Asker: 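To start, I am sharing the structure in question, which I have written as structure tokens.
Remember, it's a predicted structure, so these values are computed and weren't measured experimentally. Here is the naming used below: chain letters follow the sequence lines, and residue numbers restart at 1 for every chain.
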Number of protein chains: 2
Amino acid sequence: MSSKIIHMETVGQIIRAKRESLGLLLRQVASYLDIDQAILSKIERNERTPTRNNIIKLAEILKLDKEDLLVQFMSEKIAYEIANEDCASKVLKVAEQKIKYLKSNLTKN
Amino acid sequence: MSSKIIHMETVGQIIRAKRESLGLLLRQVASYLDIDQAILSKIERNERTPTRNNIIKLAEILKLDKEDLLVQFMSEKIAYEIANEDCASKVLKVAEQKIKYLKSNLTKN
DNA sequence: ATTACATTTGACAAATTATGTCAAGTAAAA
DNA sequence: TTTTACTTGACATAATTTGTCAAATGTAAT
């Protein structure tokens with residue numbers, strides 16, 4: 001029964017909501033990330049993609065689960081990359097096979 | 001029963017095998033792709049990643065299924081991107097959800 | 001309405017990565 | 001030993017990413 005998809009927030013929406021709920025200003029968070037607040041503003045509105053390091057620092061200062069946020073971040077990047085392909089789901093399936101194959105071969109080295 | 005994974009060739013291996021079976025030279029194929037044969041040599045040995053356009057031209061000249069080769073190409077890129085993450089399979093699952101969500105919202109515009 | 005403050009915007013700069021050329025090197029066959 | 005195919009690595013150029021800055025906008029309090 002029914003969808004597993006409860007919400008589908010972007011990373012930007014997640015961090016903006018959390019930042020505001022903590023009462024932090026753009027410039028405060030941006031300074032912690034060591035970037036200009038203009039970039040953070042754009043990240044929150046999906047005009048710029050954060051770097052991996054941005055994500056890690058954001059999780060820290062916003063008290064979000066780092067692993068979760070990274071998963072959101074990476075999956076968002078991948079989704080954006082292939083969403084317009086009609087073979088998108090096939091690509092993901094094959095990617096999964098390839099990863100399994102790669103990991104199974106790690107044991108052999 | 002057992003593994004669905006029969007072979008797990010890279011794009012490089014696929015095109016090298018096919019090129020050789022057709023008796024084509026690096027320089028012939030490279031010229032068709034409008035690149036230096038050094039690049040093609042590297043692509044075949046996984047030292048360089050092909051461009052999307054390279055893949056399309058390769059499918060043409062090597063009489064490979066374009067869609068299949070593109071799927072291999074894109075999934076390889078994704079696999080390479082996240083293979084070293086321990087949350088790799090979660091990333092793929094979430095990516096799939098996001099893509100479904102994006103596509104369901106296309107109808108609403 | 002003026003001031004003060006947070007955010008947004010766009011032009012631009014710097015750094016990084018992707019893509020390519022070239023020429024010399026290796027290897028094997030003729 | 002000359003020719004042929006391929007490989008290698010140093011380097012060049014182009015494209016993309018990532019960032020800065022200052023001006024513009026929005027918003028709330030004085």
Side-chain angles (χ1 to χ4, degrees), chain A residues 9-62 69-70 72-85, chain B residues 9-62 69-70 72-85:
Chain A
E9 283 179 296
T10 65
V11 170
Q13 291 170 329
I14 292 169
I15 66 182
R16 168 145 297 188
K18 196 68 193 299
R19 177 177 63 80
E20 290 179 340
S21 85
L22 292 173
L24 295 171
L25 302 178
L26 278 179
R27 92 175 103 82
Q28 297 175 309
V29 175
S31 133
Y32 184 78
L33 306 196
D34 200 29
I35 58 176
D36 194 281
Q37 66 171 11
I39 295 179
L40 184 55
S41 168
K42 286 166 185 165
I43 288 172
E44 289 188 342
R45 288 170 298 106
N46 301 310
E47 277 191 27
R48 284 286 180 101
T49 50
T51 66
R52 188 188 179 85
N53 193 54
N54 288 337
I55 293 295
I56 291 166
K57 298 290 254 175
L58 281 166
E60 284 170 18
I61 195 175
L62 298 179
L69 201 58
L70 279 170
Q72 291 299 318
F73 163 63
M74 291 186 284
S75 60
E76 197 166 295
K77 218 167 44 159
I78 288 173
Y80 178 78
E81 227 174 273
I82 63 171
N84 53 339
E85 307 281 344
Chain B
E9 284 180 296
T10 65
V11 169
Q13 291 169 329
I14 292 169
I15 66 182
R16 167 145 297 188
K18 196 67 195 298
R19 175 177 67 77
E20 289 179 341
S21 84
L22 292 173
L24 294 170
L25 302 180
L26 276 180
R27 91 175 103 85
Q28 297 176 309
V29 174
S31 134
Y32 184 78
L33 305 196
D34 201 29
I35 57 175
D36 195 282
Q37 68 169 7
I39 295 178
L40 184 55
S41 169
K42 285 166 186 167
I43 288 171
E44 288 187 344
R45 286 170 300 105
N46 301 311
E47 276 191 27
R48 285 286 180 101
T49 51
T51 65
R52 188 188 178 85
N53 193 52
N54 288 338
I55 293 295
I56 291 167
K57 299 289 255 173
L58 281 166
E60 285 170 17
I61 195 175
L62 298 179
L69 200 59
L70 280 170
Q72 291 298 318
F73 164 63
M74 290 186 285
S75 60
E76 197 167 296
K77 218 167 43 160
I78 289 173
Y80 177 77
E81 227 175 273
I82 64 172
N84 52 337
E85 306 282 343

Asker: Whole angstroms only, please: what is the CG-P distance between B:Leu40 and D:dT8?
Answerer: 14 Å
Asker: How close do B:Val11 and B:Glu76 get, heavy atom to heavy atom, and via which atoms?
Answerer: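 Heavy-atom minimum between the residues: N-OE1, 2.9 Å.
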Asker: Would you tabulate the side-chain donor-acceptor contacts of residues 54-62 of chain B under 3.5 Å, counting partners in other chains and residues two or more places apart, or write 'none'?
Answerer:
unit_1, atom_1, unit_2, atom_2, d
B:Asn54, OD1, B:Thr51, OG1, 3.4
B:Asn54, ND2, B:Thr51, OG1, 3.2
B:Glu60, OE1, B:Tyr32, OH, 2.6

Asker: Search all heavy atoms of A:Ser41 against all heavy atoms of A:Leu26 and return the closest pair with its distance.
Answerer: CB-CD1, 3.8 Å
Asker: With heavy atoms under 4.0 Å as the rule, sort B:Leu25 into base, sugar-phosphate or nothing.
Answerer: sugar-phosphate
Asker: Ignoring backbone atoms, establish whether A:Arg52 has a side-chain N or O less than 4.0 Å from OP1 or OP2 of D:dT17.
Answerer: no
Asker: Under 4.0 Å: is that the gap between some side-chain N or O of B:Arg45 and OP1 or OP2 of D:dT8?
Answerer: yes
Asker: Using a cut-off of under 3.5 Å, enumerate the N/O to N/O pairs linking the protein to nucleotides 9-12 of chain D.
Answerer:
unit_1, atom_1, unit_2, atom_2, d
D:dG9, N7, B:Lys42, NZ, 3.1
D:dG9, O6, B:Lys42, NZ, 3.2

Asker: When the nearest nucleotide of DNA chain D is assigned to A:Thr49 and to B:Leu26 on a heavy-atom basis, which residue is associated with the more 5' position?
Answerer: B:Leu26
Asker: Provide a list of protein-nucleic acid N or O atom pairs under 3.5 angstrom, restricted to nucleotides 26-30 of chain D.
Answerer:
none

Asker: Hey, could you give me the CG/CD distance between B:Leu70 and B:Gln72, rounded to the nearest 0.5 Å?
Answerer: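 It comes to 10.5 Å.
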Asker: Spell out, as yes or no, whether a donor-acceptor pair under 3.5 Å connects the side chain of B:Gln28 to the backbone of B:Leu25.
Answerer: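 The answer is yes, because a donor-acceptor pair under 3.5 Å joins these two groups.
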Asker: Please round to the nearest 0.5 Å and tell me the distance separating atom CD1 of B:Ile15 and atom CZ of B:Phe73.
Answerer: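 Taking CD1 in B:Ile15 and CZ in B:Phe73, the distance rounds to 11.0 Å.
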Asker: With sequence neighbours left out, what residues match A:Tyr80 under side chain to side chain contact (heavy atoms under 4.5 Å, CB included)?
Answerer: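 Side chain to side chain contact (heavy atoms under 4.5 Å, CB included) check on A:Tyr80 returns nothing, list empty.
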Asker: Under the side chain to side chain contact (heavy atoms under 4.5 Å, CB included) rule, collect the residues that match up with B:Ala30, sequence neighbours excluded.
Answerer: B:Ile35, B:Gln37, B:Leu40
Asker: So what does A:Ile35 hit on the nucleic acid, given a heavy-atom distance under 4.0 Å: a base, only sugar-phosphate, or nothing?
Answerer: sugar-phosphate
Asker: How many Å lie between CZ on B:Arg16 and P on D:dC6, as a whole number?
Answerer: 7 Å
Asker: I need the CD-C1' distance between B:Glu44 and D:dT8, as an integer number of Å.
Answerer: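 Going from B:Glu44 (CD) to D:dT8 (C1'), I get 15 Å.
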Asker: Check whether any side-chain N or O of A:Ser41 sits under 4.0 Å from OP1 or OP2 of C:dT7, and answer yes or no.
Answerer: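 Checking C:dT7 against A:Ser41, no side-chain N or O comes under 4.0 Å of OP1 or OP2.
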Asker: May I have the distance from B:Asn54 (atom CG) to C:dA18 (atom P), rounded to whole angstrom?
Answerer: 14 Å
Asker: Only counting residues at least two apart or in another chain, list the ones meeting salt bridge (Lys or Arg N to Asp or Glu O under 4.0 Å) with B:Arg19.
Answerer: B:Glu44
